[in-house]
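For reference, the structure is listed below as structure tokens.
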There are 2 protein chains.
Amino acid sequence: MTVITPKKMSFKAQQHKFREDAILDAVNRLLAQKGYDLMTMDEVAAEVGIAKASLYKHFDSKDSLAAASMTRFLEDSLAMARHLPKHLSAVEKLKSVVRWAITIHLTGTMPSLPSTRSSIQQTLLAHEPYLTQLESLTELLGQWIHDAQVAGDLSAALPGEVILYTIYARSCDPVVDFLKNGGAFSDADIVDLLVHTCFEGMTKPPPCEL
Amino acid sequence: MTVITPKKMSFKAQQHKFREDAILDAVNRLLAQKGYDLMTMDEVAAEVGIAKASLYKHFDSKDSLAAASMTRFLEDSLAMARHLPKHLSAVEKLKSVVRWAITIHLTGTMPSLPSTRSSIQQTLLAHEPYLTQLESLTELLGQWIHDAQVAGDLSAALPGEVILYTIYARSCDPVVDFLKNGGAFSDADIVDLLVHTCFEGMTKPPPCEL
DNA sequence: GTCTATAAACCGATAGAC
DNA sequence: GTCTATCGGTTTATAGAC
């Protein structure tokens, strides 16, 4: 009897994954909208269109649900970063990452990373898959930061950590919400303005007319 | 009979104000540490050293307590801004404001302004004293931003709102916490690094060795 | 005004039928 | 696996004695 490893997942497994992705999509929207502490499991269930108890068949707790959402977002970020055109310079790749993150933020589907002051932070730092993805992304960005400094496109006098943390923070910058709510700028303008002030500051004028 | 308007508050009133200030100090510390949603009224009472019911004799609700804390912080900010040395240029004044805010942040006594994703935001925007202070501060900073643009110290091509929002956001930047927790930098270094990246970006090197 | 004790509401998580 | 119904814990806010 030959055992054939199926190329595709079984129908059951596919359905299971599809359901979980739908849940995580809903969680992303709610996290982007209200943040972790204000998001309730009842809301998640309602948004997905299933009962709350069904939610707990897929995820152990609210913490693990949020951790899964964050982990998937990091996976997406890493995949995006790794598929950037090879001909880009290091600093252009870094700008592309920030640009991509702000774009996601503007669509209202970026799980707001609670940097501090949220009860989920401890859980996140104890969640193995999350840490693995975060370390991979940090390593990749760290390499680009180093390259950009060597190339003279980023200040070599600035500690790498400062640049890395700044890039992470700007990727979920509340200024995005301020400008979006103000209504005076298009999404494309907001992205350009924020990427510019992040890397070039506010003393240097933007390249084109904004 | 002559009615003499007392120069100083009555002892009762003084004591009342002293108590309220002690409460707001505790709220500031707790807001800085855990944020609004995770701060409980029990903790506030315990931190001050009074019973929870006594808290409600001074403030109507958790919302109004947080609003009072935020309003007092804005008052302090405005007072600081108005007492800056007159000989400073507009951009130097703006940098001083950010520098001051980050310094407060580092002492752990800055009530984290919940830009979005917090249940208090609506209450805050309906709280008259808060709005009044915010408008005064915005007007003052707006004038300085304009002056700095005319003087060529800030890019005139950058919309004033973008600069204003960026200054507000950098004043409670999570990067402060990242660097503080990293432990590799002194508080003074952190302030210098963040003020620099805020205004000059990451391409230009800092003036001195950091 | 300050306290203890408690009401009222909300939310995370689970039991048990289907 | 999905549902309805509910438990148990936490939190805001208040009642009532002193």
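Below, chains carry the letters A, B, ... as their sequence lines are ordered, and counting in each starts from 1. In what follows, every heavy atom counts, from backbone to side chain, and hydrogens, waters and symmetry copies are set aside.
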Going 5' to 3' on DNA chain D, which nucleotide is the first and which the last to come under 4.0 Å of a heavy atom in chain B? D:dT11 to D:dA15

Give the residues of residues 47-59 of chain A touching DNA chain C, defined as any heavy atom closer than 4.0 Å, sorted by residue number. A:K52, A:A53, A:Y56

What are the residues of residues 22-30 of chain A, sorted by number, that bring a heavy atom to within less than 4.0 Å of DNA chain D? none

Once ring pair (Phe, Tyr, Trp, His ring centres under 6.0 Å) is applied, do any residues pair with A:H58, and if so which ones, sequence neighbours excluded?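 For A:H58, the residues satisfying ring pair (Phe, Tyr, Trp, His ring centres under 6.0 Å) (neighbours in sequence not counted) are A:H16.
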
Can you name the residues that form a ring pair (Phe, Tyr, Trp, His ring centres under 6.0 Å) with B:H146, not counting sequence neighbours? none

So, is the end of the A:K62 side chain (NZ or CZ) under 6.0 Å from the ring centre of A:Y56 and within 45° of the ring's axis? no

Establish, yes or no, whether the cationic atom of A:K95 lies under 6.0 Å from the six-membered ring centre of A:F199 and within 45° of the ring axis. yes

Identify which one of A:K52, A:K34, A:R29 satisfies the salt bridge (Lys or Arg N to Asp or Glu O under 4.0 Å) criterion when paired with A:E47. A:R29

Take atom CG of A:D42 and atom P of C:dC10, then tell me their distance rounded to the nearest Å. 11 Å

Once you round it to whole Å, what is the distance between C1' of C:dA7 and CE of B:M41?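 B:M41 atom CE is separated from C:dA7 atom C1' by 17 Å.
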
Hey, is the main chain of A:F73 close enough, under 3.5 Å, to the side chain of A:S77 for a donor-acceptor pair? yes

Donor-acceptor pair, A:H105 side chain versus A:A101 backbone, under 3.5 Å?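 It does not hold such a pair.
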
Across all chains, not counting sequence neighbours, the side chain to side chain contact (heavy atoms under 4.5 Å, CB included) partners of B:L140 are B:L78, B:A81, B:R82, B:W144

Between A:L38 and A:D60, which residue's closest nucleotide on DNA chain C lies nearer the 5′ terminus?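 Looking at the nearest nucleotide for each, A:L38 comes out on the 5' side.
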
Between atom CG of A:D187 and atom CG of A:L106, what is the distance when rounded to the nearest 0.5 Å? 4.5 Å

Got a sec: does the CG of B:D60 have more than 12 other heavy atoms crowding it under 6.0 Å?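 Atom CG in B:D60 is not crowded, with 12 or fewer foreign heavy atoms closer than 6.0 Å.
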
